[in-house]
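Right, I'll just put the structure down here and ask away after.
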Amino acid sequence: MTEEEPVTIEEPQAENTYTIRPNFLHKFRPGIVKEVIHSVLHDMLSDRQYDTEETTSWCKSISDEIKTRLKDQGMERYKFIVQVVIGEQRGEGVKMACRCFWDSDTDNYAQDIFINDSLFCVAAAFGVFYY
């Protein structure tokens, strides 16, 4: 009885393309990204009322849905960061800010706001080109 050695299959490795800028067709476009964010926010929040217990899961599901739809847009070699904030609508003002260190030729962001009688939601998506 002979013992068989395990067969190892090597996967071919892709060659480096040395791409340092995105193709014009695959560049992050804030207008298109804002439309994606807008549609996700209206689809997921239009019939909801503010609920303290549920907002954490809503933020996670909204950010996951935005990220999934952005990946379907064909922006190759982009890393996406999605931030979603939901708060109770009480007539108070809210200020939000962010600071980033990035390449202004390739990287960008888009945001949108959803407001109804009981809640507000601010969603921002950042696209960072992966060199």
Side-chain angles (χ1 to χ4, degrees):
M1 199 173 194
T2 62
E3 187 174 320
E4 295 182 21
E5 292 185 26
V7 178
T8 57
I9 300 173
E10 293 184 27
E11 294 183 26
Q13 293 183 353
E15 292 186 29
N16 195 343
T17 60
Y18 301 104
T19 303
I20 59 171
R21 294 282 183 249
N23 183 337
F24 181 75
L25 298 173
H26 298 123
K27 200 169 185 179
F28 188 93
R29 300 182 191 277
I32 294 171
V33 174
K34 183 171 180 146
E35 289 175 13
V36 169
I37 295 170
H38 185 81
S39 68
V40 170
L41 293 181
H42 279 276
D43 290 348
M44 299 184 82
L45 293 175
S46 61
D47 59 345
R48 303 230 175 146
Q49 298 296 317
Y50 183 79
D51 183 1
T52 306
E53 303 297 323
E54 295 293 321
T55 54
T56 302
S57 64
W58 293 350
C59 286
K60 289 178 184 177
S61 62
I62 290 169
S63 60
D64 287 341
E65 182 64 23
I66 291 171
K67 190 167 64 168
T68 301
R69 290 192 192 181
L70 289 178
K71 287 181 180 180
D72 294 340
Q73 294 295 317
M75 292 179 266
E76 298 172 1
R77 296 186 67 173
Y78 270 93
K79 299 285 184 180
F80 297 110
I81 299 110
V82 179
Q83 179 184 16
V84 177
V85 176
I86 297 176
E88 186 174 9
Q89 183 71 289
R90 299 170 125 185
E92 299 173 356
V94 174
K95 301 279 186 189
M96 294 182 63
C98 69
R99 295 182 66 98
C100 301
F101 182 71
W102 63 22
D103 184 352
S104 61
D105 290 337
T106 59
D107 308 336
N108 214 330
Y109 80 101
Q111 68 173 3
D112 198 29
I113 301 168
F114 175 85
I115 299 173
N116 68 13
D117 292 337
S118 70
L119 63 86
F120 69 90
C121 178
V122 179
F126 302 86
V128 180
F129 188 74
Y130 185 67
Y131 294 99

ILVMFWY cluster, Ile62 and Val122 together (side-chain gap under 4.5 Å): no
Intermediate values then yes/no, side-chain contact (heavy atoms from CB on, under 4.5 Å), Met44 and Cys121: CA-CA 11 Å; Met44 299 184 82; Cys121 178; over 6 Å; no
Rounded distance [0.5 Å steps], CZ in Arg77 versus CG in Asn23: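 Separation between the atoms: 11.5 Å.
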Heavy-atom check, side chain of Tyr50 versus side chain of Thr55, under 4.5 Å: yes
Joint cluster assignment, Tyr78 & Ile20, ILVMFWY side-chain distance < 4.5 Å: yes
Smallest separation among heavy atoms of Gln49 and Ser118, with atom names: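 Looking at all heavy atoms of both residues, the shortest contact is OE1-OG, 3.0 Å.
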Single-linkage hydrophobic cluster, 4.5 Å side-chain cutoff, Leu41 and Phe120 together: no
Approximate separation, where rounding is to 0.5 Å, of Ile66 CD1 and Ser61 OG: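 So the gap between those two atoms works out to 9.5 Å.
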N/O donor to acceptor pairs below 3.5 angstrom from side-chain atoms of residues 79-103, sequence neighbours left out:
residue	atom	partner	partner atom	Å
Asp103	OD1	Asp105	N	3.0
Asp103	OD2	Arg21	NH1	2.8
Asp103	OD2	Tyr131	OH	2.5

Shortest non-hydrogen contact from Thr106 toward Phe28: O-CB, 4.4 Å
Point-to-point distance, once rounded to the nearest 0.5 Å, from CD1 of Ile113 to CD of Gln111: 5.5 Å
Let me have the donor-acceptor pairs involving side chains of residues 29-38, under 3.5 Å, with sequence neighbours excluded, atom names and distances please.
residue	atom	partner	partner atom	Å
Arg29	NH2	Phe24	O	2.7
His38	ND1	Asp112	OD2	2.7
His38	NE2	His42	NE2	3.4

Hydrophobic cluster identity match, Val40 and Phe114, side-chain contacts under 4.5 Å: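 Same hydrophobic cluster.
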Inter-residue atom distance Asn108.CG - Lys27.NZ, 0.5 Å rounding: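 Rounded to the nearest 0.5 Å, the CG-NZ separation comes to 8.5 Å.
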Lys67 NZ to Asp72 CG distance, which is reported to the nearest 0.5 Å: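 Rounded to the nearest 0.5 Å, the NZ-CG separation comes out at 12.5 Å.
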